[in-house]
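Notes follow the structure.
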Amino acid sequence: MGPPGVGKGTQAKGIAEHYGVPAISTGDIFRANVRNQTPLGLEVARIMAEGSYVPDEITDAIVRDRLAEPDAAAGWLLDGYPRTLAQVEALDGVLAGAGHGIDAVISLVAEEAHLIDRLLKRAELEGRADDNAETIKHRMEVYNEATDPLIAIYRERGLLVEVDGLGTVDEVGQRITEALDATPAR
Ligand code: B4P
């Protein structure tokens, strides 16, 4: 978990590889659908371009189906999900039904000013539809309102692993794996 640009997608791939589990990124799944102009992609393209969240029912169904795929049977890393209280509850329901649990919730932490710089740099490199000054501001607001409060829920459950998101990609990655390795298996 963490605000836009903090390194969720960047780190998710490395962590998943390290532990031999699939990285499931709701953002990547939506972007692939937008690129391929699927019915889902056509539905979510405008929502994403303006920096708002895709409705919970759509997002929850995608994650539920993806977690049921064979490669996720022995473990997974969720990137960018859950992002709302309803998504936390939906994930709890899916996991309870499957008899699985969450080992840890990684919260990447960094100041907003650094993140805005990163996202504006990515705009130059990748040209993502949601990386422009106005949309980034909206994404930060949506994050602060809908997602940041969820961190307290996972802290109360004793699952939160807070990691400083500033530094090189490798430095942050190493902090994450060190923190996870020190977390008792559940
Ligand atoms: P995401 O794909 O999750 O996008 P993001 O929050 O911007 O983070 P991302 O993972 O891409 O960026 P990262 O921090 O790795 O979501 C996009 C949209 O999809 C949402 O706005 C929403 O519309 C929709 N969506 C996704 N999940 C949803 C959900 N659960 N519910 C509803 N809607 C949902 O990296 C940012 C940049 O920083 C990169 O350019 C990277 O190279 C750079 N960077 C990373 N680490 C760095 C470091 N240590 N130093 C320097 N640069 C670094």
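Note that the numbering runs from 1 along the sequence shown for the chain. Indexing begins at 1, ligand by ligand and atom by atom, following the structure's order. Small disclaimer: the values here were computed from a predicted structure and weren't measured.
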Out of Arg122, His138, Gln87, who gets a non-hydrogen atom closest to atom 11 (O) of ligand 1? Arg122
For Gly5, the ligand 1 atoms with a heavy-atom partner under 4.0 Å come out as 7 (O), 8 (O), 14 (O), 36 (C), 38 (O)
Just jot down the ligand 1 atoms closer than 4.0 angstrom to any heavy atom of Thr59, in number order. 29 (C), 30 (N), 31 (N), 32 (C)
How does Thr168 reach ligand 1, by side chain, by backbone, by both or by neither, if only non-hydrogen atoms under 4.0 Å count? backbone
Val169 heavy atom under 4.0 Å from ligand 1: yes
Just to check, does Lys121 reach to within less than 4.0 Å of ligand 1 when the distance is taken from its heavy atoms? no
Taking the minimum heavy-atom distance to atom 20 (C) of ligand 1, which of Gln11, Arg83, Arg139 ranks first? Arg83
Between ligand 1 and Tyr81, is the shortest N or O to N or O distance under 3.5 Å? no
So which bit of Ser52 gets within less than 4.0 Å of ligand 1, heavy atoms only: side chain, backbone, both or neither? backbone
At a non-hydrogen distance cut-off of under 4.0 Å, which region of Val54 contacts ligand 1 (side chain, backbone, both, or neither)? both
Contact check: Pro3 vs ligand 1, nitrogen or oxygen atoms, below 3.5 angstrom: no
Would you please determine whether Arg31 falls within less than 4.0 Å of ligand 1 on a heavy-atom basis? yes
Counting from 1, what ligand 1 atoms have a heavy atom of Gly167 closer than 4.0 Å? 48 (C), 49 (N), 50 (N)
For ligand 1, does Arg128 get within less than 4.0 Å through its side chain, its backbone, both, or neither, judged by non-hydrogen atoms? side chain
Ligand 1 N/O within reach of Gly9 N/O, cut-off under 3.5 Å: yes
